[in-house]
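Start at 1 and go down the list; that is how both ligands and their atoms are numbered. For reference, positions follow the sequence shown, starting with 1.
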Amino acid sequence: MSYVTRFAPSPTGPLHIGHAFSALTAYRCAQSHDGTFLLRIEDIDRARSRDEYEQQIYDDLRWLGLDWPTPVMRQSDRMPAYRAALDRLIEMGLCYPCNCSRGDIRAALSAPQEGAPIEGPDGVIYPGTCRGRPMSEAGPTDAIRLDMTRATAHLDALPAFRETGPLFSGVHPLVANDMIVQIGDVILARKDMGTSYHLSVVVDDADQGITEVVRGADLFAATWIHVLLQALLGLPILQYHHHALIRDDTGKRLAKRDDARAIRAYREDGLSPDDVLKMIGLTVTPSAT
Ligand code: GLU
């Protein structure tokens, strides 16, 4: 099977040099496997996505020397595919509607018997207040959650995924109890969106024929959710490569919205693409082995 990977930015702000590192790492992984590099625009958050940022993504990546097949997949065009996947999970009896606000969740977690809240990939673990509500009650003010206990019990065996990145390399089997305790009932469809990052990414990676996901180590914890959804939806279990995150001189991780580090700003300051590559510690001439 030939190698396919992708870079999947959200057009909610300018690309910064952390994105440049991620895109170039994915591009070079594709080159070294004689494979394909795809670009995908993750614009399900309509309130925060902007056309001008999308255009700037294309300009900045081209300036860095990347190319990709067109047309580019845009998540905002794909709502029916996400709805179909959600409906399958609902039909499997694994979902429930939830109308808890952040404040409700905080209040439930501050009850004396709850102990210290555990942080998962999406923030504090949902305390399960709405678990057990039937899907027939779902209305426009509800998000849809995955019941993690049911979801992990639904499969005869939980899958494992292979990680090839430098930080977590090896085979990682999913463990039901860890999924329930450390991840919990994640949101599959936000009420204002009809989908979520997790559901959309899984559906798109499968539809684009991705074989290895190359992305930052900050998304490693989300991978367990993605692999579980792949198994539940009968999709191929992908291979992953999470790269280290770019840090500034003081060792601080570069924030996504650190506009001072925007690729655009470096371009305007007269830096060349090679200067940017050197700055993020990449060799200037990619080896095409
Ligand atoms: N759209 C996500 C982001 O910009 C990346 C998603 C992914 O690579 O899975 O952080």
Side-chain angles (χ1 to χ4, degrees), residues 3-30 36-50 53-58 60-61 64 66 68 72-79 81-82 85 121-123 161 163-165 167-168 172 183 186-188 190 193 195-230 233 235-246 253-259 261-263:
Y3 183 100
V4 186
T5 191
R6 61 11 174 228
F7 176 58
S10 302
T12 53
L15 290 190
H16 61 70
I17 57 171
H19 288 108
F21 183 75
S22 203
L24 281 152
T25 303
Y27 193 77
R28 289 178 178 193
C29 282
T36 306
F37 167 85
L38 299 177
L39 178 63
R40 179 167 79 223
I41 300 294
E42 301 216 322
D43 59 349
I44 50 172
D45 189 344
R46 299 310 295 152
R48 291 175 55 231
S49 296
R50 299 271 180 279
Y53 288 135
E54 181 177 332
Q55 196 50 52
Q56 205 172 310
I57 288 171
Y58 301 138
D60 286 345
L61 294 179
L64 284 168
L66 305 194
W68 52 86
V72 166
M73 181 180 275
R74 298 167 79 236
Q75 291 192 322
S76 54
D77 296 332
R78 301 208 4 102
M79 290 301 158
Y82 309 143
D122 291 345
F161 67 93
E163 166 72 34
T164 66
L167 302 174
F168 314 106
H172 298 277
I183 295 177
V186 288
I187 291 186
L188 294 178
R190 283 170 50 172
M193 267 183 207
T195 184
S196 61
Y197 160 62
H198 302 304
L199 185 66
S200 309
V201 158
V202 165
V203 171
D204 291 345
D205 284 338
D207 284 355
Q208 289 195 296
I210 303 299
T211 58
E212 178 168 89
V213 172
V214 179
R215 61 186 177 191
D218 53 335
L219 290 170
F220 186 61
T223 302
W224 267 261
I225 305 168
H226 300 175
V227 169
L228 179 69
L229 291 176
Q230 287 158 9
L233 292 166
L235 303 172
I237 305 297
L238 304 187
Q239 184 164 290
Y240 287 83
H241 177 118
H242 292 86
H243 60 73
L245 301 174
I246 298 277
R253 203 181 118 192
L254 287 183
K256 282 226 169 104
R257 278 176 270 320
D258 190 350
D259 289 1
R261 311 224 172 224
I263 298 170

(message) Test of understanding: with ring pair (Phe, Tyr, Trp, His ring centres under 6.0 Å), list the residues that count as partners of Tyr58, not counting sequence neighbours.
(response) none
(request) Using atom types as modelled and distance alone, determine if a side-chain donor or acceptor of Ser22 lies under 3.5 Å from a backbone N or O of Arg215. (result)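 It does not hold such a pair.
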(request) Return yes if some donor-acceptor pair links the side-chain N/O of Gln230 with the main-chain N/O of Leu238 below 3.5 Å, else return no. (result) yes
(request) Please name the residue in the list His172, His241, His243, His226 that meets the ring-ring contact (aromatic ring centres under 6.0 Å, His included) test with Phe220. (result) His172
(request) Within a distance under 4.0 Å of any heavy atom of Ser10, pick out the atoms of ligand 1 and give their elements. (result) 1 (N), 4 (O)
(request) Could you list the atoms of ligand 1 found under 4.0 angstrom from a heavy atom of Arg215? (result)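 Going through ligand 1 atom by atom, the ones under 4.0 Å from Arg215 are 7 (C), 8 (O), 9 (O).
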(message) Please check whether Val213 reaches ligand 1 - meaning an N/O of the residue sits under 3.5 Å from an N/O of the ligand, judged on distance alone.
(response) no
(message) Closer than 4.0 angstrom, basic N to acidic O: yes or no for Asp207 and Arg78?
(response)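 Yes.
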(request) Using a 4.0 Å heavy-atom threshold (strictly under), name the region of Tyr197 that reaches ligand 1: side chain, backbone, both or neither. (result) side chain
(request) Closest by any non-hydrogen atom to atom 6 (C) of ligand 1: pick that one out of Glu42, Gln75, Arg6. (result)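 Nearest heavy atom to atom 6 (C) of ligand 1 lies in Glu42.
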